[in-house]
Amino acid sequence: MALRLHDTRRREKVVFSTIEPGKVKMYVCGVTVYDFCHLGHARCYIAFDLIHRWLEYSGYDVLYIQNFTDIDDKIIKRSNESGIDWKKIVDDNIEAYYEDMDLLNILRADEYPRCTEYVEEMISITESLIDKEHAYVAKDGVYFSIASAPEKYGMLTGQNIDGVLGGAGGRVSESGKRDHKDFALWKSAKPGEPTWPSPWGDGRPGWHIECTAMSMDHLGEQFDIHGGGQDLLFPHHEAEIFQGECHTGCKPVVNHWLHNGFVNMDGEKMSKSLGNFWTIRDICEKIDPLVLRFALINAHYRSPIDMNEQLLHDAGRNHSRILTVYKQALENQCENPLPLPKGDVASGVPLIKSLGLMEKMAEALAKAMDDDFNSREAVAKVLGGVREIGKLLDSDLEVKDKSSFANFAVEWMEEYAGLVLGILPSRDEIMTEKVDPKRDEIRSEVEDLLKQRTEARANKDWPAADAIRDKLVALGVTVVDTADGPVWEL
RNA sequence: GCACGGAUGACAGAGCGGCUAUGUGCGGGACUGCAGAUCCUGAUACCCGAGUUCAAAUCUCGGUCCGUGCUCCA
């Protein structure tokens with residue numbers, strides 16, 4: 001079964017092909033590190049994490065590069081406003097980035113190059129573009145000349161070169177651009193800004209050139225996948241096509257372009273000006289980061305997601321269902337499992353039928369992921385498997401069969417919900433009680449009440465038992481009666 | 001204006017020519033003294049119009065409505 005993906009440039013699903021057999025070279029545009037990451041970043045890097053995981057799961061050797069943009073207008077502005085050195089802002093936010101991504105169970109890329117480490121490379125690409133007459137030196141920097149390669153215009157967005165609004169959104173250009181569509185490769189120094197020396201005087205690189213320099217350095221002149229948010233399509237990625245292809249002569253530099261959809265907030269575009277802006281760390285204080293991850297993979301990566309309370313609530317329910325059943329499976333495991341029979345969907349024997357169904361779910365999951373990384377469909381299959389597992393563990397199967405099945409179920413879940421989707425916490429995390437200082441504070445009181453309640457229940461004094469439950473609820477304690485006695489949690 | 005993408009049950013969200021998506025929510029039921037969890041089960045769909053087809057959420061054409069980009073943005 002071949003992996004197919006939606007290629008932005010070709011505007012259709014195409015069979016995935018790699019330049020080198022068995023190897024995938026992938027570059028995803030990283031963040032500009034001037035602030036904490038928000039939900040939009042979470043969605044993007046979770047989407048590409050899923051792609052990363054699936055490619056590796058499929059047997060590819062993946063080289064995944066993601067950059068940090070560590071110099072730009074916003075960083076400079078932030079520094080000027082706060083009086084904090086721009087380098088410190090950048091370092092702090094990179095550290096925060098890693099923390100956030102770890103929370104969301106995002107596997108690390110192989111390298112995280114910073115653009116300021118590639119100034120030399122960017123200068124040399126710019127020189128090459130000038131030599132090839134694709135770029136020109138102006139009074140305030142070096143610009144790429146769109147007119148030098150008009151056939152490359154609109155490769156990703158399909159825009160017509162003449163159709164683009166003149167004057168770039170109404171802004172009066174004071175720059176030395178020959179054409180408003182041209183974009184900067186090098187910006188001459190302005191007072192109070194960090195600068196680097198160049199053949200065109202001190203200054204700093206333009207934004208688009210950095211990704212060309214870094215991807216080329218790590219992945220070569222041609223590579224397999226380039227990803228990013230849909231907002232980068234224009235002008236950033238189109239600029240990369242201009243630069244990369246004109247500089248290297250490769251057509252194309254990027255084999256497959258992938259773009260993820262936006263996150264909206266209650267139907268509106270998420271943006272700082274609207275104030276409807278959630279950072280990853282804000283939201284993770286309120287909910288389990290894996291629930292957020294679940295919510296974000298519970299839609300196809302190219303569709304927009306409307307973030308709201310309801311969505312998180314649903315994600316929480318689904319997620320806890322998966323965890324509950326996983327936990328049950330863990331608890332039912334045994335040391336020396338019996339060999340399981342071969343599954344068969346048509347079988348009348350519950351164990352054999354369930355095993356057959358789970359095999360089918362796994363196949364369907366693989367098929368879904370192979371079809372442009374359809375994580376929503378994959379999630380549905382995991383939930384289907386969860387149902388089968390719950391059913392069997394709930395049934396009156398022989399203990400030994402059940403526990404042997406539990407071993408299989410644990411492996412099944414760890415493979416698909418864990419390895420592939422990344423929504424399963426570690427065994428330790430799930431089996432250990434959450435450490436909450438409040439728990440110890442009220443422990444003796446709660447245990448006392450529970451003892452009374454157990455007594456009342458033994459005497460079948462239900463009103464008294466319920467009254468005690470109410471008291472516990474007032475303390476914020478939930479009691480669940482199990483075969484081994486009451487269990488409580490905050 | 002130009003470009004790109006959508007419209008599926010109460011909600012979220014897959015499917016994209018014939019076959020139960022899935023989950024939440026709601027209605028029954030099993031198990032439970034109650035509660036919780038788990039399982040079984042029911043109801044509620046495919047924006048409108050025309051066409052193609054033995055067969056259309058699924059393909060074609062025409063509408064309507066809604067997003068997004070064209071400026072820094074994941």
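Owing to the predicted nature of the structure, the values given are computational and were not obtained by experimental measurement. Letters A, B, ... are given to chains in the order of the sequence lines, protein chains preceding strands, and every chain is numbered from 1.
In this structure, the nucleotide among G13(B), C40(B), U22(B) sitting nearest to the side chain of A299(A) is G13(B). Side chain of L311(A), nearest nucleotide from A74(B), A12(B), C2(B): A12(B). Among the nucleotides G69(B), G33(B), C40(B), the one closest to the side chain of K391(A) is C40(B). Proximity note for D481(A) (side chain, C-beta onward) versus A74(B), C34(B), G15(B): the nearest is C34(B). Nearest nucleotide to the F262(A) side chain, out of A74(B), A37(B), C39(B): A74(B). You'll find that the side chain of R387(A) is closest to G23(B), out of A14(B), G23(B), G33(B). When each of A74(B), U22(B), C11(B) is scored by its nearest atom to the side-chain atoms of L383(A), the top-ranked nucleotide is U22(B). Considering only the side chain of V325(A), U38(B) comes nearest among U38(B), G69(B), U22(B). With A12(B), C39(B), A74(B) as the candidates, the nucleotide lying closest to the side chain of R376(A) is A12(B).
A7(B): glycosidic angle beyond 90° from 0, hence anti.
Nucleotide A14(B) holds its P atom 8 Å from the NE2 atom of H300(A), rounded to whole Å. Rounded to whole Å, the distance from NZ on K269(A) to P on U71(B) is 13 Å. Between the CG atom of D314(A) and the P atom of U24(B) there is a distance of 8 Å, given to the nearest Å. Between the C1' atom of C4(B) and the CZ atom of R11(A) lies a distance of 8 Å, rounded to the nearest Å. U71(B) atom P lies 7 Å from atom NE2 of H180(A), rounded to whole Å. Atom CG of L156(A) and atom C1' of C70(B) are 14 Å apart (whole Å). If you measure from atom CG of L258(A) to atom C1' of A74(B), you get 14 Å, rounded to the nearest angstrom. A straight line from CG of D394(A) to P of G36(B) spans 16 Å, rounded to a whole angstrom.
Within 4.0 Å of V263(A), counting heavy atoms only, lies at least one base atom of the nucleic acid. Among the heavy atoms of the strands lying under 4.0 Å from V479(A) is at least one base atom, whether or not backbone atoms are also near. Contacts of H313(A) with the nucleic acid, taken as non-hydrogen atoms under 4.0 Å apart, involve only primed sugar atoms and P, OP1 or OP2. Residue Q230(A) is classed as having no contact, given no heavy-atom separation below 4.0 Å to the nucleic acid. R317(A) comes within 4.0 angstrom of the backbone, heavy atoms only, and of no base. Among the protein residues, G229(A) comes within range of the sugar-phosphate backbone only, with heavy atoms under 4.0 Å from sugar or phosphate atoms but none that close to a base.
If you take atom P in C40(B) and the same atom in U24(B), they sit 11 Å apart, rounded to whole Å. Separating the C1' atom of A10(B) from that of C26(B) is a span of 8 Å, rounded to the nearest Å. With C1' as the reference atom, A57(B) and C46(B) are 4 Å apart, rounded to whole Å. Here the separation of C48(B) from A43(B), taken at their P atoms, is 22 Å to the nearest Å. Here the separation of G23(B) from C31(B), taken at their P atoms, is 23 Å to the nearest Å. Between G5(B) and G9(B), the distance separating the two P atoms is 23 Å to the nearest Å.
With a cut-off of 3.5 Å on both Watson-Crick or G-U wobble distances, the partner of U20(B) is given as none. With both pairing distances under 3.5 Å, U64(B) is matched to A7(B) as a Watson-Crick or G-U wobble pair.
A donor atom on one side chain and an acceptor atom on the other are found under 3.5 Å apart for D70(A) and T116(A). With 3.5 Å as the limit, one finds no donor-acceptor pair spanning the side chains of T478(A) and E489(A).
Using a 4.0 Å cut-off between charged side-chain N and carboxylate O, R453(A) and D481(A) make a salt bridge. A salt bridge links R53(A) to D49(A): one of the charged nitrogens lies within less than 4.0 Å of a carboxylate oxygen. The existence of a salt bridge linking K451(A) and E455(A) is excluded, since no basic side-chain nitrogen approaches an acidic carboxylate oxygen closer than 4.0 Å.
You'll find a donor-acceptor pair under 3.5 Å spanning the side chain of R469(A) and the base of C34(B), going by distance alone.
Distance check: D100(A) CG to T279(A) OG1 gives 7.5 Å after rounding to the nearest 0.5 Å.
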